[in-house]
Amino acid sequence: MPLELSVLSPLVVDFPFEWNYIRSIIRVSLYVSITAVVLSTLFSIPVALLVGFKDFRGKTLLTSIINTGMGFPSVVVGLVVLFTVSNEGPLGSWDLVFTPEAMIMSQFVLAAPVITGVSLAAVSSVEQNVRDAAFAMGGTRADVALVTIKEARYGIATAVLAGFGRAISEVGSVLIVGGNIAGSDGTSVTRTLTTAIQLEARQGRFETAMILGAILVVLVLIVNAIVVRLGGDTGGNR
Amino acid sequence: MPLELSVLSPLVVDFPFEWNYIRSIIRVSLYVSITAVVLSTLFSIPVALLVGFKDFRGKTLLTSIINTGMGFPSVVVGLVVLFTVSNEGPLGSWDLVFTPEAMIMSQFVLAAPVITGVSLAAVSSVEQNVRDAAFAMGGTRADVALVTIKEARYGIATAVLAGFGRAISEVGSVLIVGGNIAGSDGTSVTRTLTTAIQLEARQGRFETAMILGAILVVLVLIVNAIVVRLGGDTGGNR
Amino acid sequence: MTLTADDVHHGYGTDPVFEGVSLTVAPGEVLAIIGPSGVGKSTLLRLLALFDEPDGGAIEFGGEAVWDVSERKRLDYRRRIGMVFQEASLFDASVRRNAEYGLRVRKPWSDRLRHELATLVGRTNGTGDAIDALETVGLREKAEQDAASLSGGEAQRVAFARALAYDPEMLLLDEPTSDLDPRNTAVLEDAVLEARNRGIGVVIATHDMHQAERIADRVAVLLENQIIEVGETERIFEMPRDDRTRKFIDGELIY
Amino acid sequence: MTLTADDVHHGYGTDPVFEGVSLTVAPGEVLAIIGPSGVGKSTLLRLLALFDEPDGGAIEFGGEAVWDVSERKRLDYRRRIGMVFQEASLFDASVRRNAEYGLRVRKPWSDRLRHELATLVGRTNGTGDAIDALETVGLREKAEQDAASLSGGEAQRVAFARALAYDPEMLLLDEPTSDLDPRNTAVLEDAVLEARNRGIGVVIATHDMHQAERIADRVAVLLENQIIEVGETERIFEMPRDDRTRKFIDGELIY
Amino acid sequence: AALGDDGGNGPEISGETLTLTTTTSTYDTGLLDELNAPFEDRYGVTVDTVSLGTGAAIETGRSGDSDVVMVHARSQEDEFMEDGYAINRRDLMFNDFVIIGDADDPAGISGGDDAVDAFAQIAESESTFVSRGDDSGTHTQELEIWGEAGYEDGDFGEWYQEAGQGMGEVIVQTGQSEGYTLSDRGTYLSMINETDLEIHVEGPVEGGPEILSNPYGIFAINPAVHDNVNYDLAMAYIGFITSLEGEEIIREYTVEGEQLFFPEAITEEPNFQQYVPEEWDGSHSD
Ligand SMILES: Nc1ncnc2c1ncn2[C@@H]1O[C@H](COP(=O)(O)OP(=O)(O)OP(=O)(O)O)[C@@H](O)[C@H]1O
Ligand SMILES: Nc1ncnc2c1ncn2[C@@H]1O[C@H](COP(=O)(O)OP(=O)(O)OP(=O)(O)O)[C@@H](O)[C@H]1O
Ligand SMILES: [Mg+2]
Ligand SMILES: [Mg+2]
């Protein structure tokens with residue numbers, strides 16, 4: 001009964017990979033997802049502030065569209081990015097097919113709506129009177145925005161973590177635009193932890209898939225701890 | 001150059017599916033994801049309220065774990081659920097392998113951390129004095145919880161939508177536990193929109209994948225509109 | 001029912017706020033608590049409203065130590081107390097729903113659910129007592145306005161009406177007229193006196209010495225982590241035993 | 001620099017709050033605005049603080065209509081005004097950071113960044129003016145406390161110190177002593193008078209008629225969507241021209 | 001009860017569900033729908049077809065979550081039989097592998113009939129080669145050809161990419177990289193409208209070398225190991241698709257006018273080899 005065994009004893013399984021291979025996969029995963037999340041954050045927070053505090057026609061619609069973006073199917077996002085960067089696509093001359101940069105593009109598209117949507121909820125809950133106070137003390141728009149971000153810091157940190165979670169855990173789009181390529185020397189070119197997990201699972205090597213999954217979860221935990229530390233909040237209480 | 005063509009003219013492609021087939025896929029997708037999200041919501045909001053307002057040792061750690069859950073790789077979740085429901089797993093006698101119910105289980109695991117994490121941020125931003133007021137007016141704990149939920153309704157609606165987005169857009173786990181089964185009469189048993197998209201994409205039929213993707217996005221948009229309506233908020237302003 | 005604080009100690013973190021405060025308020029009397037900003041008046045009222053368990057000493061209601069009974073029993077006690085906070089602390093809902101809140105939570109869940117459903121389909125009937133309470137503070141015509149858009153004084157009056165609506169046996173008021181003009185202050189004071197005449201016990205924390213003189217039967221002076229003096233209002237204002245009381249009342253005491 | 005409201009109309013939605021309000025406050029004078037709860041005092045102060053553009057009429061600063069100039073210019077005007085809200089509206093940070101805020105936003109970004117980095121690594125030096133302002137309101141020793149944990153009166157004093165710290169030319173105060181005991185009220189009033197003597201113009205919305213009598217040079221009475229009377233304090237309190245003014249001051253006017 | 005038209009002699013299986021696991025490349029040809037519909041009609045049952053990677057398909061059988069498995073990876077099938085999980089294996093059908101690549105053919109292999117030479121040329125010209133890299137039947141075959149050409153795993157350079165994905169994805173990826181890959185004919189034909197890649201070396205179906213042949217097997221999961229599997233239905237299924245009727249359906253299944261699969265369940269020779277692991281010497285492995 002190998003399945004049962006494998007569930008109960010994943011830790012007694014010999015570590016089945018070369019460290020070199022694992023290291024290169026981790027590097028690609030982190031490079032792609034962190035870059036994508038940093039870019040999404042830089043894009044999303046200003047958008048959330050604008051949408052949250054400007055009144056305009058179609059605001060409800062725009063909010064719905066942002067929230068809908070949290071449900072974009074990653075395979076479709078992958079296809080769209082593939083079209084864009086493919087040889088015949090608009091960015092064909094940049095030679096981005098099957099590169100980490102293409103993966104960053106697709107993860108950006110996946111993470112940005114999550115970060116925007118959750119940040120929007122967070123900044124919307126900042127009391128108007130605190131924003132007014134910043135304005136009254138002579139703050140510029142940028143100052144008011146900064147105060148809002150600081151008041152909503154816990155919610156925004158959650159938004160960034162949710163976006164990071166979505167980016168680093170998704171497999172559909174990076175498989176399509178990245179190609180899950182490992183070189184013949186056994187180091188990853190565009191193979192991430194998730195695509196490697198998928199590969200192991202395809203091969204029925206469920207234990208090794210679980211080991212890679214555990215590595216991924218530990219990485220996410222570490223990144224979360226760092227973000228929480230930088231966010232300056234222990235969470236849950238403000 | 002089929003790729004290029006398909007980008008430029010997805011709309012002139014004849015609709016390539018039987019309505020019957022599409023309808024059954026939509027039904028399975030909605031059944032699985034909505035059930036999973038409803039269950040996750042019922043689980044997550046009480047957890048968010050407890051974690052948000054009780055002080056205990058290890059609270060920071062628990063928050064980190066919840067946030068880490070937002071980054072669980074869906075393939076690994078799929079494998080864990082597969083082990084659980086597999087013939088040899090603890091729930092083997094329930095015969096859940098390759099059923100919509102198993103898919104609900106895995107989407108529950110994927111959606112719950114997102115809903116919990118984002119709700120936690122939302123309820124944490126509710127002013128203590130409003131909670132105190134509910135308590136002072138003779139509210140029980142349940143009443144205080146209800147008031148908190150009402151004050152945080154926009155953030156909680158965002159949490160539910162983020163969880164729904166994660167559930168309905170993911171493909172890794174439903175493929176593993178559901179098996180992407182369609183009957184030979186062309187109706188879905190465990191095929192969802194995402195697994196159907198994946199199927200089309202791997203066969204190079206990108207236009208049809210995009211059409212299915214568009215259907216998915218429209219569905220998500222409709223569900224979002226309904227949640228926002230029920231949430232009673234137009235979003236962005238409170 | 002008498003509400004009593006018996007040798008209560010309390011603080012935040014390591015800083016004590018009180019060291020041994022004892023106090024009694026009987027039905028049908030108004031007790032004013034006066035003392036400088038930051039001395040602990042709000043903290044004391046929160047203890048009397050059974051929010052927090054004191055670090056030491058006991059809060060008693062009708063002679064029973066409320067922190068020794070079951071939570072269910074304590075809920076009963078809490079429901080006989082009305083509290084108005086220093087900040088208005090209104091719910092993000094209409095003025096009417098704010099005023100009805102105390103009545104709503106006292107109803108069985110089935111009624112509440114039915115009422116919510118009726119509200120959803122648009123058939124609502126304002127609860128009489130809540131509307132009466134809004135009438136008392138002169139805000140009946142604002143019933144359907146959003147509480148968030150009220151002026152400071154309006155919000156404060158709604159907060160008062162909200163506590164009055166469910167007719168508690170004991171009213172704890174934390175600076176209830178700080179944002180009100182003289183006329184509205186008088187309206188609230190009349191309501192307080194009317195409640196007292198119905199046998200309700202009232203504790204009011206106030207900075208306004210004239211207000212204490214106007215409505216309090218007894219005054220407690222909170223200073224330096226203690227109640228340094230408590231007695232008949234006239235006596236406190238006219239011949240305080242403690243020199244610090246006189247100085248505080250005259251606005252000369254520096255903290 | 002004179003701050004003027006010239007025939008200002010304003011309202012929320014379709015309900016008008018004012019219909020034609022005109023008002024001037026010159027450097028070195030204290031103008032009190034009195035009127036019943038909900039009449040629009042806070043709304044008027046927000047207009048004077050250049051928060052919202054009035055629906056009609058003009059706000060002028062030094063004779064220039066502030067809503068006709070560039071946003072950059074308006075920022076300059078805003079920075080010469082200090083505003084204290086009716087609610088304390090403190091930032092979720094330490095008392096010191098709250099008090100420093102106005103000074104911080106006036107610094108170039110490079111300085112601010114450097115200061116934030118210094119704070120991160122623990123080397124911080126409190127800005128003198130902010131600490132001085134906290135000293136003025138008697139809260140210097142609370143500088144490192146979290147603003148959220150202050151008592152009502154402490155928060156109000158920090159909000160005052162925050163506006164005082166950057167030394168504005170014009171101070172707009174919305175019920176700045178509503179939560180304060182007599183002694184702290186006196187401290188704040190002294191600070192206001194001291195500011196006036198330095199040539200600062202002050203507008204204070206207050207419900208406390210005694211306070212208006214104590215510190216205002218002139219009083220404006222806001223009633224029924226209009227300023228029904230404005231004049232020397234003594235004149236308004238002793239021989240009001242409008243009968244409604246007298247009734248309001250005596251607390252007899254019912255709204 | 002809706003009895004099948006087998007006269008009710010067989011075990012009562014009407015209304016039950018059969019779980020078939022197979023590889024994505026088999027599934028994607030669309031053949032199974034053609035086979036399952038008449039089977040379902042005849043027995044009044046339902047067939048749930050789950051397409052997975054080869055390894056995962058077999059693993060699903062190992063845990064008793066499927067009843068019948070259809071793959072094309074003889075060495076893995078043999079191992080599975082030896083472990084005692086698979087019984088009643090039958091050769092089902094075959095098709096072949098083809099070497100496909102960019103129309104421009106940078107390595108100049110077109111028209112050759114030696115797969116090993118073609119691989120060697122690809123390696124020498126350092127043209128991009130996209131490998132399945134997933135231990136599937138196709139991948140195993142590819143590695144065997146590389147072995148014949150003198151390349152072992154690890155001898156490759158930058159030009160050799162392991163995709164670790166299904167055949168369909170690899171064809172898409174090869175098209176984008178303007179390289180070569182080894183594909184089963186079925187998947188290639190089913191995607192012929194979606195790709196620019198062309199066949200450069202044909203398999204045995206079109207007279208190419210034997211090393212490119214691709215035989216499919218089917219077997220039931222041993223009910224003595226997993227008592228929950230639907231063995232009766234599994235055997236009915238195997239019986240049906242290896243019957244004359246099943247073979248006819250396979251033979252007549254075409255994509256783009258080309259026959260995809262060649263049935264070999266019913267032959268003149270006894271072919272005992274189909275029931276046991278290859279190179280089985282008759283002794284029990286214990
Ligand atoms: N955002 C808003 N939307 C609708 N009405 C509002 C809004 N803000 C204020 N109002 C209304 O405008 C009127 C004037 O409010 P304002 O806060 O200026 O009164 P005020 O004179 O400061 O009263 P108080 O003395 O009670 O603070 C009030 O009746 C209030 O209900
Ligand atoms: N959560 C808290 N954490 C730490 N200190 C607190 C907290 N809440 C209140 N304090 C401190 O406790 C003291 C008493 O506060 P309290 O609010 O009871 O004063 P008060 O008498 O009501 O003052 P005021 O008249 O200004 O409202 C104050 O010095 C305050 O700073
Ligand atoms: Mg207080
Ligand atoms: Mg006001």
Side-chain angles (χ1 to χ4, degrees), chain A residues 1 3-4 7 51-52 55 59-60 63-65 67-68 70-76 79 83 86 88-89 114 117-118 120-122 124-125 152 154-155 158 161-162 164-166 168-172 176 193-194 197-198 201 206 209-210 213 216-217 220-221 224-225 228 234-238, chain B residues 1 3-4 6-7 51-52 55 59-60 63-65 67-68 70-76 79 83 86 88-89 114 117-118 120-122 124-125 152 154-155 158 161-162 164-166 168-169 171-172 176 193-194 197-198 201 206 209-210 213 216-217 220-221 224-225 228 234-238:
Chain A
M1 275 153 254
L3 254 186
E4 194 175 11
V7 187
V51 176
D55 274 320
K59 177 167 167 168
T60 314
T63 314
S64 283
I65 290 171
N67 287 338
T68 301
M70 304 195 290
F72 277 162
S74 59
V75 174
V76 171
L79 288 178
F83 291 154
S86 92
E88 292 107 4
V114 175
V118 178
L120 180 53
S124 302
S125 77
Y154 177 51
T158 303
L161 293 179
F164 179 71
R166 173 139 167 118
I168 201 161
S169 72
E170 77 91 24
V171 65
I176 289 177
L193 280 163
T194 53
I197 289 168
Q198 160 96 349
F206 298 143
M210 301 290 280
L216 175 54
V217 169
V220 176
L221 193 59
N224 282 6
V228 168
T234 54
N237 41 12
R238 47 178 241 153
Chain B
M1 276 154 250
L3 260 184
E4 190 177 16
S6 61
V7 188
V51 175
D55 274 320
K59 177 166 167 167
T60 314
T63 314
S64 283
I65 290 172
N67 287 338
T68 302
M70 303 196 290
F72 277 163
S74 59
V75 175
V76 171
L79 288 177
F83 291 157
S86 145
E88 296 178 327
V114 175
V118 178
L120 181 53
S124 302
S125 78
Y154 178 51
T158 303
L161 293 180
F164 179 71
R166 173 140 166 118
I168 201 162
S169 72
V171 67
I176 289 178
L193 280 163
T194 53
I197 290 168
Q198 158 99 350
F206 296 138
M210 300 292 278
L216 174 54
V217 170
V220 176
L221 192 60
N224 282 7
V228 167
T234 55
N237 40 12
R238 49 178 238 152

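Given the structure is predicted, the values throughout are model-derived calculations rather than measurements. Basis for what follows: all heavy atoms, side chains included, without hydrogens, waters or symmetry-related copies. Chain naming here is simple, since letters A, B, ... match the order of the sequence lines and numbering starts at 1 in each.
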If we define contacts as heavy-atom pairs under 4.5 Å, which of [options] has the most with chain A?
options	value
A162(B), P73(B), G213(B)	P73(B)
V171(B), V217(B), I168(B), L79(B)	L79(B)
A152(B), S64(B), G117(B), S169(B)	S169(B)
T158(B), L193(B), I176(B)	T158(B)

- Query: For the residue pair G52(A) and K59(A), what are the closest heavy atoms and their distance?
  - Reply: O-NZ, 3.4 Å
- Note on the structure: In short, A121(A) meets G155(B) closest at the heavy-atom pair CB-CA, 3.9 Å
Heavy-atom cut-off 4.5 Å, strictly under: side chain, backbone, both or neither for [X] against chain B?
X	result
L216(A)	side chain
A122(A)	neither
V114(A)	neither
F164(A)	neither

- Message: Are V75(A) and T194(B) packed together at the side-chain level, in the sense that at least one heavy-atom pair is separated by less than 4.5 angstrom?
- Response: no
- Query: How far apart are the C-alpha atoms of F72(A) and V220(B), what are their side-chain angles, what is the distance that settles it, and do they pass the side-chain contact (heavy atoms from CB on, under 4.5 Å) test?
  - Reply: CA-CA 8 Å; F72(A) 277 162; V220(B) 176; over 6 Å; no
- Task: Taking atom types as modelled, find out whether N224(B) and T68(A) have a side-chain donor-acceptor pair closer than 3.5 angstrom.
- Result: yes
